[in-house]
Visitor: 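Shown below is the structure under consideration.
For clarity, every value in this text was computed on a predicted model and none was experimentally measured.
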There are 2 protein chains.
Amino acid sequence: MANKSYAQYCGIAAALDRVGDRWTLLILRELTFGEQRFTDLRSALPGIASNLLTERLRDLEADGLVEQRELPAPAARTVYALTASGRRINPVLRALAQFGLPYLGDPGDRKVRPRQAIFGGLAALLDPEAARGVDLRVRFELDGEELWLEVRDGRLARPDRTARADLVVAGAANALVELYRGADPASLGDRLEITGTRAARKAFREIFPAPDLSIAG
Amino acid sequence: MANKSYAQYCGIAAALDRVGDRWTLLILRELTFGEQRFTDLRSALPGIASNLLTERLRDLEADGLVEQRELPAPAARTVYALTASGRRINPVLRALAQFGLPYLGDPGDRKVRPRQAIFGGLAALLDPEAARGVDLRVRFELDGEELWLEVRDGRLARPDRTARADLVVAGAANALVELYRGADPASLGDRLEITGTRAARKAFREIFPAPDLSIAG
DNA sequence: CGGGATCCGTTACGATACTG
DNA sequence: CAGTATCGTAACGGATCCCG
């Protein structure tokens, strides 16, 4: 790895020796959404130097968390993907996302919004207790972009886009964010439209509960 | 903060802006065990420069995660402690500890062993599902040091040292570590002695299950 | 002795330019 | 598209010194 090891006999230190370097956890975040090309990662991580991205990917490969895959011709190109070991980082990302949520300001500011931020943010909110045994397919149409999210038997699953969605959330991504930051649903006007049975809407609210934001310093 | 912000509208990035700097999460780890003096932190974090520790503590104070407290006379001295917001980092530390566990090598090597590593490691292993509703008080006597661990209604609690322990684990800390790394209990000989009712021993094994280490790269 | 501050050599990072 | 090369700057690590 790039940085020196903490050299402590402690799981947290051992974890940070692998994923504690700057940018590393954000690279892993991107890869949890699926295979990514070098350029995909670069554009999702504005500000990272290309040599640094190379170095981080090599480190992650050396630790067995990420692997290169060669896609078949014609467009033969290499992509990066998480290995089985790499997917074990998911609970860490979820815990970080929950910790960081109160610190997100208004969605209007100048910050980069990663394309999958909505999806990733919701995934972090999933309450395993409330989701126990639940199946729910949601289609998002936010700012003209379509995203699917599927809960199967209480866990997030690769969405089946051929099936019918139980719930459709369409409109402005910012409106969804504001809703989760405690805005009055009525104040959103027609910027967000949620379509589905009453039961599906209820399930969604329970599985992805709005967090308590009162804690932020 | 010392490092530049990622400036992304994402909970993970926001979290890393606060706790992603080198040493920061290990400082928070130490503080989860209770108030610590500057010198306590320094000795628990071998290799950290004193100015860096100062800077990190100031950053954490500015973010409202840590606060200074003045202990009363005679030995008037300042200690650092987590605030309510700071205690929200706990799930992150647990997730990291679980992720990092397979990467811990044999306990015999030269690495620094933080005094509370055993306690912290076990706390990370607690299975909330298995612990549901369980009460269990454990006293450790490892390498001559006494540690208490109390599970109350399925959650870790400040141990009540006046009450009677349901389980006593006495002997070499290394033996306990080896046990959790898959060693045959019989091979430990008399290096570890576990005393308690059959029910208490069973509860301990279920609440703190040995992790699957087969995943390590 | 606890709680830092200062200084300085080394390393990692960030920006830009360049290449197969 | 997927990196490599170069280089100035910022952060880190180690040592030393200071003050109550």
Visitor: Name the closest nucleotide to the A:R58 side chain, picking from C:dG4, D:dC12, D:dG3.
Guide: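 My answer, after comparing the listed nucleotides, is D:dG3.
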Visitor: Go through the steps for A:R181 and A:E178 under the test salt bridge (charged side-chain N to carboxylate O under 4.0 Å, His left out), then give the verdict.
Guide: CA-CA 5 Å; A:R181 289 180 49 77; A:E178 288 167 30; over 6 Å; no
Visitor: In plain terms, say whether A:E55 and A:R58 are close enough for a salt bridge, that is, a side-chain N and a carboxylate O under 4.0 Å apart.
Guide: no
Visitor: Give me the atom names and distance for the closest heavy-atom approach of B:A14 to A:G100.
Guide: CB-O, 3.7 Å
Visitor: Of the nucleotides D:dG3, C:dG4, D:dG14, which has the atom closest to the B:Y80 side chain?
Guide: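 The listed nucleotide nearest to B:Y80's side chain is C:dG4.
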Visitor: Write out all pairs satisfying side chain to side chain donor-acceptor pair (under 3.5 Å) with one or both partners inside residues 147-157 of chain B, taking only residues at least two apart or from two chains.
Guide: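 Sorted result for residues 147-157 of chain B: B:R137-B:E150, B:E146-B:W148.
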Visitor: Atom CD of B:E55 and atom P of D:dC12: how far apart are they, to the nearest Å?
Guide: 6 Å
Visitor: If you check every side-chain atom of B:L52, which of D:dC12, C:dG2, C:dG4 has the closest atom?
Guide: D:dC12
Visitor: Counting side-chain heavy atoms from C-beta on, which of C:dC13, C:dG14, D:dG3 comes nearest to A:R56?
Guide: C:dC13
Visitor: In whole Å, what is the span from the CZ atom of B:R69 to the C1' atom of C:dG3?
Guide: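 The distance from CZ of B:R69 to C1' of C:dG3 comes to 19 Å, rounded to the nearest Å.
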Visitor: Quick one: on DNA chain C, does B:N51 or B:T39 contact a more 5' nucleotide (nearest heavy atom)?
Guide: B:T39
Visitor: Nearest-Å distance, CZ (A:R42) to P (C:dA15)?
Guide: 11 Å
Visitor: Specify the separation, in whole Å, of atom CG of B:L53 and atom P of C:dG4.
Guide: 9 Å
Visitor: Using only heavy-atom distances, decide whether a donor-acceptor pair under 3.5 angstrom links the side-chain of A:S50 to the base of D:dA2.
Guide: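 For A:S50, whose side chain was compared with the base of D:dA2, there is no donor-acceptor pair (under 3.5 Å).
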Visitor: Donor-acceptor pair under 3.5 Å: do we get one between A:T54's side chain and the base of D:dT4?
Guide: no
Visitor: Starting at CG of A:L26 and ending at C1' of C:dG14, how long is that distance when rounded to a whole Å?
Guide: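 My rounded result for the distance is 16 Å.
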Visitor: Quick check on D:dG13: is either OP1 or OP2 less than 4.0 Å from any side-chain nitrogen or oxygen of B:W23?
Guide: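 Affirmative; the distance criterion is met.
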Visitor: Given atom NZ of B:K4 and atom P of C:dG14, what is their separation to the nearest angstrom?
Guide: 7 Å
Visitor: Parallel, tilted or perpendicular: which describes the rings of A:Y80 and A:F38, with under 30° parallel and over 60° perpendicular?
Guide: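 The rings of A:Y80 and A:F38 sit tilted, inter-plane angle from 30° to 60°.
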Visitor: Return no unless some side-chain N or O of A:R22 is found under 4.0 Å from OP1 or OP2 of D:dA11.
Guide: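 No, because none of the side-chain N or O atoms of A:R22 sits under 4.0 Å from OP1 or OP2 of D:dA11.
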Visitor: Rounded to whole angstroms, how far apart are CD1 on B:I48 and C1' on C:dG4?
Guide: 13 Å
Visitor: Atom CG of B:D21 to atom C1' of C:dC13: distance rounded to whole Å?
Guide: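 After rounding, the reported distance stands at 13 Å.
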